[in-house]
**Student:** 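First the structure, which I've put down as structure tokens, then a few questions once you've had a look.
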Protein chains: 4
Amino acid sequence: MASRGVNKVILVGNLGADPETRYMPSGGAVTNINVATSEQWKDKQTGQPQERTEWHRVVFFNRLAEIAGEYLRKGSKVYVEGSLRTRKWQGQDGQDRYTTEIVANEMQMLDSRGAGQGQGGYAPPPPQSQGDYGQAPAPAPAPQKAPSGGGGQSSPPASDFPDFDDDIPF
Amino acid sequence: MASRGVNKVILVGNLGADPETRYMPSGGAVTNINVATSEQWKDKQTGQPQERTEWHRVVFFNRLAEIAGEYLRKGSKVYVEGSLRTRKWQGQDGQDRYTTEIVANEMQMLDSRGAGQGQGGYAPPPPQSQGDYGQAPAPAPAPQKAPSGGGGQSSPPASDFPDFDDDIPF
Amino acid sequence: MASRGVNKVILVGNLGADPETRYMPSGGAVTNINVATSEQWKDKQTGQPQERTEWHRVVFFNRLAEIAGEYLRKGSKVYVEGSLRTRKWQGQDGQDRYTTEIVANEMQMLDSRGAGQGQGGYAPPPPQSQGDYGQAPAPAPAPQKAPSGGGGQSSPPASDFPDFDDDIPF
Amino acid sequence: MASRGVNKVILVGNLGADPETRYMPSGGAVTNINVATSEQWKDKQTGQPQERTEWHRVVFFNRLAEIAGEYLRKGSKVYVEGSLRTRKWQGQDGQDRYTTEIVANEMQMLDSRGAGQGQGGYAPPPPQSQGDYGQAPAPAPAPQKAPSGGGGQSSPPASDFPDFDDDIPF
DNA sequence: TTTT
DNA sequence: TTTT
């Protein structure tokens, strides 16, 4: 894998929901998570504490997807390293839409026990595995379904999002 | 500035067009650039060389915006460090759209002379300045116009993009 | 603060001992910690699991030094971002020695409660503060005492290390 | 390759001298470079411009070592990503010494032509290759000779450095 | 000297 | 939708 340029993202944050894992026709796993990072500061005028949460859509492939899907849970704190990828897809209105994701190539669980306090879901002891075997099927990854949420005002694209079965080019 | 979580992006790439600078009501500068990073690899089946270019929308504020606007040019190679921010805006059809940008907090010109091979635009000697003074007016940055059209087929969202005069909340 | 070049370190690891805090003549705090990161892999020949631990000497200044000294403990998991600095000092034999440290400019505690399971030391609730106010007194930081340890085979320079009261140029 | 913790370094700087390449008994290449990064600032008291140069010892293995050795030259601007490793060795006085290096796992040439203004050494067109094939023979890399002497007063450890033929454990 |  |  050679390249010209550097395209690197580093995140430490918490999962807003349990991971969603799907499988590509090839059999390879694809896992999506949403990771929140937040920034806090004091308003210079009023001195009031402010907060802004940023949500990041992260996608894992293959072995890393399996590990993420198995060990991460809603609330888990995670370190993710990857690269930015903007995908184009069509809304139901036929218009082009764009979604930017972080394609992860490294992941580390940062919770002591390896699991979040997800809603009842048991998470087995974590392997802390990561590495290059989790690499995307280089520049031609698989489709993903929308995050189940969609709600909040600062949330990422959701509603009209391409589905796993949709015929969208990547 | 305190925070919980890490939200960091590092790019090294080239500008697809000259920077665009605007000014906020406060008088602060806002500069946008589009940065290309590319990945090359060999197809495992055919052995054919492949390439995928990723375009990154980068926004600078205040002093860093002035420096970027003054010294960067189409073709300039640049190092950018910043954080991801996804903004919501409304398309002309009233639908919600999302755009992910890198809000830069550090910039370094990597061309020996400090200028790209821009189309005629003269770029004065580079200061290599960067630093925290370029910080965004924390979590409430200014509107931006669309990239003038990065040209290529893999260029970033453009057409229906919110304009500087549009009434969009950030 | 301007610069030419990029000098950046990102660590996620655990403290091998409680932080050590001192004060500069100026009154500014200086805190040192040792952070372990480890790598695990399987021997390709024997298939035996292997591990290598790397120890990193991290130094904080001013406000960040106070926070690190107050909230971190032996065993704490921490995110550190900073830059490399190699200091020259004289051994008791009059010979030059060099020590490489990470001068931190950002720190995040990654333990849920903000404290490690240090040996009895109580750590109050963490502020998760970080930021640029923790910056070093640019390129002329203060002396530090040796890490109290020194023991292990993979440990960093210790024995003959310059003391806080020593007259060493930085 | 699994791990617990993150140990990451990112450098953008210039080579202080031509690379030095050696070969391990296994036949694998090992290349060392010294990279300068510098920081500039204004003295708060006097307003005088100040500068501090930091020198980084970087080591490449295998394929990446061959590329670095072939295409980099004194003065080349380079992007390096890697991890910190502190090696212990014995001075001629029998005392323990420690040297911290960056073990590179990615490298990008940032000069337009791919070569520095080295003293006469011709450097062929650059491939911009990088990647994981350049990985170190995990946690048990090869000995290296001293940098030929970076010259300047702020140059890295040199004199008493272990030689390729010395019997030093890694 | 940490952590799993 | 997370976390403090």
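From a predicted model like this one, the values you see are computed outputs, not experimental measurements. Note on naming: letters A, B, ... go to the chains in the order of the sequence lines (proteins, then strands), and numbering restarts at 1 for each one.
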**Student:** So, B/E101 and B/R57, do they make that salt bridge, N to O below 4.0 Å?
**Tutor:**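 Result for this pair is yes, salt bridge flagged.
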**Student:** Looking only at heavy atoms, what is the nearest atom pair of A/L84 and B/V9, with distance?
**Tutor:** CD1-CG1, 4.0 Å
**Student:** Could you state the atom-to-atom distance from CD of A/E54 to C1' of F/dT4 in whole Å?
**Tutor:**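 Taking CD of A/E54 and C1' of F/dT4, I get 18 Å after rounding.
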**Student:** May I have the distance from A/D111 (atom CG) to F/dT3 (atom C1'), rounded to whole angstrom?
**Tutor:** 10 Å
**Student:** In whole Å, what is the span from the CD atom of A/E51 to the C1' atom of F/dT3?
**Tutor:**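 Rounding to the nearest Å, CD of A/E51 and C1' of F/dT3 are 8 Å apart.
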**Student:** Give a yes or no on whether a donor-acceptor pair under 3.5 Å exists between the nucleobase atoms of F/dT2, that is its base, and the side chain of A/T53.
**Tutor:** yes
**Student:** Check C/A29 against C/E66 and note the closest heavy-atom contact, atom names and distance.
**Tutor:** CB-CG, 3.8 Å
**Student:** Specify the separation, in whole Å, of atom CG of A/L110 and atom P of F/dT4.
**Tutor:**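 In whole Å, F/dT4 P and A/L110 CG are 13 Å from each other.
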**Student:** Could you give the NE2-to-C1' distance, from C/H56 to E/dT2, as a whole number of Å?
**Tutor:**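 In whole Å, E/dT2 C1' lies 11 Å from C/H56 NE2.
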**Student:** Whole-Å distance between F/dT4 P and A/L15 CG?
**Tutor:** 14 Å
**Student:** Just how far, in rounded Å, is P of F/dT2 from CD1 of A/I33?
**Tutor:**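 My rounded result for the distance is 15 Å.
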**Student:** In terms of side-chain heavy atoms, does C/T99 have a donor or acceptor partner in C/W89 at a distance below 3.5 Å?
**Tutor:**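 Yes - a donor-acceptor pair under 3.5 Å links their side chains.
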**Student:** Please tell me which of the listed nucleotides, E/dT1, E/dT4, F/dT1, lies nearest to the side chain of C/Q40?
**Tutor:** E/dT4
**Student:** Whole angstroms only, please: what is the CG-P distance between A/N14 and F/dT4?
**Tutor:** 7 Å
